[in-house]
Student: 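My questions all concern the structure below.
Atom set for the values below is all heavy atoms of this structure, side chains included, hydrogens, waters and symmetry mates excluded.
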Amino acid sequence: MRSTGFRRTLAALSVCSLALAASACGSDGDDSASGKTRITVNCMPPKSAKVDRRFFEQDIASFERQNPDIDVVAHDAFPCQDPKTFDAKLAGGQMEDVFYTYFTDARHVVEIDQAADLTPYVKELKSYDTIQQQLRDIYTVDGKIYGIPRTGYSMGLIYNKRLFEQAGLDPEQPPATWEEVRAAAKKIAGLGDGTVGYADYSAQNQGGWHFTAELYSQGGDVVSADGKKATVDTPEGRAVLQNLHDMRWTDDSMGSRQLLVINDVQQMMGAGKLGMYLAAPDNIPILVKEKGGDYKDLALAPMPGGQGTLIGGDSYMIGKKASPEQIRAALKWLDHMFLTPGDGFLGDYARAKKNDAPVGLPEPRLFTGAADAKDQQVKKANANVPVENYQAFLDGNQSLDMKIEPPSAQQIYSVLDGVVSAVLTKEDADIDQLLKDASGKIDGILARG
């Protein structure tokens, strides 16, 4: 499940540009009439996203000036990947040469034999060895490399520093365990006047999404390593639900209103009536710009529990039919656009700051070593948000197991939604039976593939 607000919102009317409307989106060959190596790429911001579109076009123009033998043809789309048409475009030869994917797509694209093997070429990608190993591993299948990570998000604990102070809690020492979350939530709820200590989702598959993140934080998993069996009916799964039950019914720290979704919780936090909830960093500007919050009050801590956290993100893969010249051109383009610290479409923080975009939010670190140091230095120099509020999140993430969503995620989340909603709406909910039933349903989903 994507983290709302994480990616730029795009609103294009078509995937292929008008100039190519009569042909496939992918390149027909390596070379255009001018003899250049031609690549098509997707996920360009549409004209309606004026600033992002301008930046993207500027960066392509800069790349082509530096590489006069390469012609980049970009297509916009909304969304960058539509799950309803993704497989059909791949199978029908309509996909761009260089195409956007979610982390959860990697193995599937390889299994349907639509991705180029990049292993012989990655040594030509200057940035590849600087990318976090656990992100590279997502696009490594059977020892071969099929994609290049571009961005990522991870879940953490957003909390209101002002409410922490009012409740007698230290806002510089956020909860590190679920026991500490429960204790802090009880004190915050004790402020009264409709204040809620901790809120969680439990509808529209979002409850299942958060259950998964909370299970990861306890060291558990939703499915077995081979993806064939459910692993929710475990001590870790029971611990997640028991904690929610106790905060809701014993402590009354989650409020009486339940079956919440992300917008409900964001409204509560923006209004200053919520102490904590799980989210990714991209929620913070939404809380400020759309929900009435204040950057100085909003802080982010790593996932409680200290074991793991749910991550998501995206990458570019290259089509199976791409020539060696197109693959090399694509890797050069990815380096230029997305993978040069402090520069390019995602890394030019000075340009973003000049255009009043938030700089300094605690996105998970894509790079390591000197590249990471450069990226952090440039980001810090251009920060326009209170970065000290997010340091705990950045530091704590370094020791967590970063885990992507399970296979058949949305179907599984639908099952787990019912489990979470039952615990939060029925005081006498039978946790053991709920997990047993959910496990059987998830086994059925996995068996159907």
Student: Is there a donor-acceptor contact under 3.5 Å from the side chain of H210 to the main chain of S202?
Tutor: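 No, because the side chain of H210 does not come within donor-acceptor range (under 3.5 Å) of the backbone of S202.
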Student: Look at the rings of F338 and Y316 and say which category their plane angle falls in: under 30° parallel, 30 to 60° tilted, over 60° perpendicular.
Tutor: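 Correct class here is parallel.
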Student: Taking D297 for its side chain and R162 for its backbone only, find out whether a donor-acceptor pair lies under 3.5 Å.
Tutor: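 Pair absent, no side-chain N/O of D297 close to backbone of R162.
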Student: Set out, in order, the CA-CA distance, both residues' side-chain angles and the distance that settles salt bridge (charged side-chain N to carboxylate O under 4.0 Å, His left out) for R53 and E57, then state yes or no.
Tutor: CA-CA 6 Å; R53 175 76 168 219; E57 290 176 337; 3.0 Å; yes
Student: So, D417 side chain and Q204 main chain: donor-acceptor pair closer than 3.5 Å or not?
Tutor: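 Here the side-chain-to-backbone pair exists.
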Student: Stepwise, does the side-chain contact (heavy atoms from CB on, under 4.5 Å) test hold for Q376 with F367?
Tutor: CA-CA 10 Å; Q376 296 302 311; F367 304 109; over 6 Å; no
Student: Is there side-chain contact between Y295 and P285, with heavy atoms separated by less than 4.5 Å?
Tutor: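 With C-beta onward as the side chain, the pair touches.
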Student: Could you grab the distance from atom CD1 of I286 to atom CD1 of I262, nearest 0.5 Å is fine?
Tutor: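 If I round to the nearest 0.5 Å, the distance is 6.5 Å.
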Student: Carefully, step by step, assess V109 and Y146 under the rule side-chain contact (heavy atoms from CB on, under 4.5 Å).
Tutor: CA-CA 9 Å; V109 175; Y146 290 96; over 6 Å; no
Student: Go through it in stages, so that I can follow the logic: the residues are D375 and R365, the test is salt bridge (charged side-chain N to carboxylate O under 4.0 Å, His left out), and I'd like the CA-CA distance, side-chain angles, deciding distance and then a yes or no.
Tutor: CA-CA 9 Å; D375 188 61; R365 295 181 179 181; over 6 Å; no
Student: Please walk me through it: do R238 and D233 pass salt bridge (charged side-chain N to carboxylate O under 4.0 Å, His left out)?
Tutor: CA-CA 7 Å; R238 282 186 283 280; D233 188 7; 2.9 Å; yes
Student: What orientation do Y102 and Y100 show, parallel under 30°, tilted 30 to 60°, or perpendicular over 60°?
Tutor: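 Answer is perpendicular, since the angle exceeds 60°.
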Student: From L366 CG over to I131 CD1, what is the distance, rounded to the nearest 0.5 angstrom?
Tutor: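 Going from the CG atom of L366 to the CD1 atom of I131 covers 5.5 Å.
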Student: Under a 4.5 Å cut-off applied to non-hydrogen side-chain atoms, are V181 and Y198 in contact?
Tutor: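 With C-beta onward as the side chain, the pair touches.
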Student: For D142, does the CG atom sit with more than 12 other heavy atoms under 6.0 Å from it, leaving out its own atoms?
Tutor: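 Not more than 12 within 6.0 Å, no.
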Student: Can you name the nearest heavy-atom pair linking Y390 to L298, along with the distance?
Tutor: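 Taking Y390 first and L298 second, the nearest heavy atoms are CE2-O, 3.8 Å.
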Student: Should E363 and T151 count as side-chain neighbours, where that means a heavy-atom distance under 4.5 Å?
Tutor: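 The answer is no; the side chains never approach within 4.5 Å.
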Student: Counting heavy atoms not belonging to K353, are there more than 12 under 6.0 Å from its NZ?
Tutor: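 More than 12 heavy atoms, drawn from other residues, nucleotides or ligands, come within 6.0 Å of this atom.
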Student: If I compare all heavy atoms of L169 with all of K187, which pair ends up nearest, and what's the gap?
Tutor: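 Reported closest heavy-atom pair: CD2-CD, 3.7 Å.
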Student: If you count heavy atoms of other groups shown closer than 6.0 angstrom to NZ of K289, is the number above 12?
Tutor: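 Yes - once you tally the heavy atoms of other residues, nucleotides and ligands closer than 6.0 Å, there are more than 12.
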Student: Please find the pair of heavy atoms, one from F99 and one from G319, that lie closest to each other, and give the distance.
Tutor: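 Smallest interatomic distance, heavy atoms only, reads CE2-N, 3.6 Å.
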Student: Under a 3.5 Å distance rule, please check whether S253 uses its side chain to pair with a backbone N or O of A189 as donor and acceptor.
Tutor: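 Between the backbone of A189 and the side chain of S253 there is no qualifying donor-acceptor contact (under 3.5 Å).
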Student: Can you tell me if K403 has over 12 outside heavy atoms packed within less than 6.0 Å of its NZ?
Tutor: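 For K403, atom NZ is crowded (more than 12 foreign heavy atoms under 6.0 Å).
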Student: Is it the case that the side chain of S154 and the backbone of I311 share a donor-acceptor pair, with hydrogens and angles ignored and the cut-off at 3.5 Å?
Tutor: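 No: the side chain of S154 does not pair with the backbone of I311.
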Student: In terms of side-chain heavy atoms, does N389 have a donor or acceptor partner in K296 at a distance below 3.5 Å?
Tutor: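 No.
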Student: Does any non-hydrogen side-chain atom of M402 lie less than 4.5 Å from one of T309?
Tutor: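 When only atoms from C-beta onward are counted, M402 and T309 do touch, with a gap below 4.5 Å.
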Student: Crowded around K441 NZ? As in, over 12 foreign heavy atoms under 6.0 Å?
Tutor: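 No.
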Student: I'd like to know whether Q258 forms a side-chain contact (heavy atoms from CB on, under 4.5 Å) with R248, so could you lay out the CA-CA distance, the side-chain angles of the two residues, the decisive distance to 0.1 Å, and finally the verdict.
Tutor: CA-CA 10 Å; Q258 295 301 323; R248 167 71 176 95; 3.6 Å; yes
Student: Run the salt bridge (charged side-chain N to carboxylate O under 4.0 Å, His left out) check on D335 and K126 step by step: do they pass?
Tutor: CA-CA 7 Å; D335 256 334; K126 293 182 293 184; 5.3 Å; no
Student: What residues, two or more places apart in sequence or in another chain, satisfy side chain to side chain donor-acceptor pair (under 3.5 Å) together with N243?
Tutor: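 Listed in chain order: nothing, the list is empty.
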Student: Where is the tightest heavy-atom contact between F345 and R351, given as atom of each residue plus distance?
Tutor: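 In this case the closest contact between F345 and R351 is CA-NH2, 3.6 Å.
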Student: Determine whether a donor-acceptor pair (N or O, by modelled atom type, separation under 3.5 Å) exists between the side chain of S127 and the backbone of T130.
Tutor: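 Absent.
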Student: What pair of heavy atoms forms the shortest contact from T212 to P406, and how long is it?
Tutor: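 Result for this residue pair: CG2-CD, 4.1 Å.
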Student: May I ask you to test the Q266-N283 pair for a side-chain heavy-atom distance under 4.5 Å?
Tutor: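 In short, these two side chains touch, coming nearer than 4.5 Å.
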Student: Under 3.5 Å, is there a donor-acceptor pair between the side chain of W209 and the main chain of A409?
Tutor: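 Between the backbone of A409 and the side chain of W209 there is no qualifying donor-acceptor contact (under 3.5 Å).
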Student: Would you say that M95 contacts N42 through its side chain, given a criterion of any heavy-atom pair below 4.5 Å between the two side chains?
Tutor: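 Yes - at least one pair of side-chain heavy atoms lies under 4.5 Å apart.
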Student: Testing the basics here: between A350 and N382, what is the closest heavy-atom pair and its distance to 0.1 Å?
Tutor: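 Reported closest heavy-atom pair: CA-OD1, 3.4 Å.
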Student: Would you say R448 and S408 make side-chain contact, with heavy atoms under 4.5 Å?
Tutor: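 No - every pair of side-chain heavy atoms lies 4.5 Å or more apart.
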Student: Please, which pairs that meet salt bridge (charged side-chain N to carboxylate O under 4.0 Å, His left out) have at least one residue in residues 255-273, sequence neighbours excluded?
Tutor: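 Listed once each, the pairs are D193-K273, R257-D264.
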Student: S439 side chain to K436 main-chain N or O, any donor-acceptor pair under 3.5 Å?
Tutor: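 No, the answer is negative, given that no donor and acceptor are paired below the 3.5 Å cut-off.
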Student: Report yes if the side chains of T40 and V98 come closer than 4.5 Å at any heavy-atom pair, otherwise no.
Tutor: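 Not touching, per the 4.5 Å side-chain cut-off.
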Student: How many angstroms lie between atom CZ of R107 and atom CD1 of I112, to the nearest 0.5 angstrom?
Tutor: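 Interatomic distance, R107 CZ to I112 CD1, rounded to 0.5 Å: 13.5 Å.
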Student: Could you please spell out the steps behind the side-chain contact (heavy atoms from CB on, under 4.5 Å) verdict for L339 and Y128?
Tutor: CA-CA 8 Å; L339 301 174; Y128 188 73; over 6 Å; no
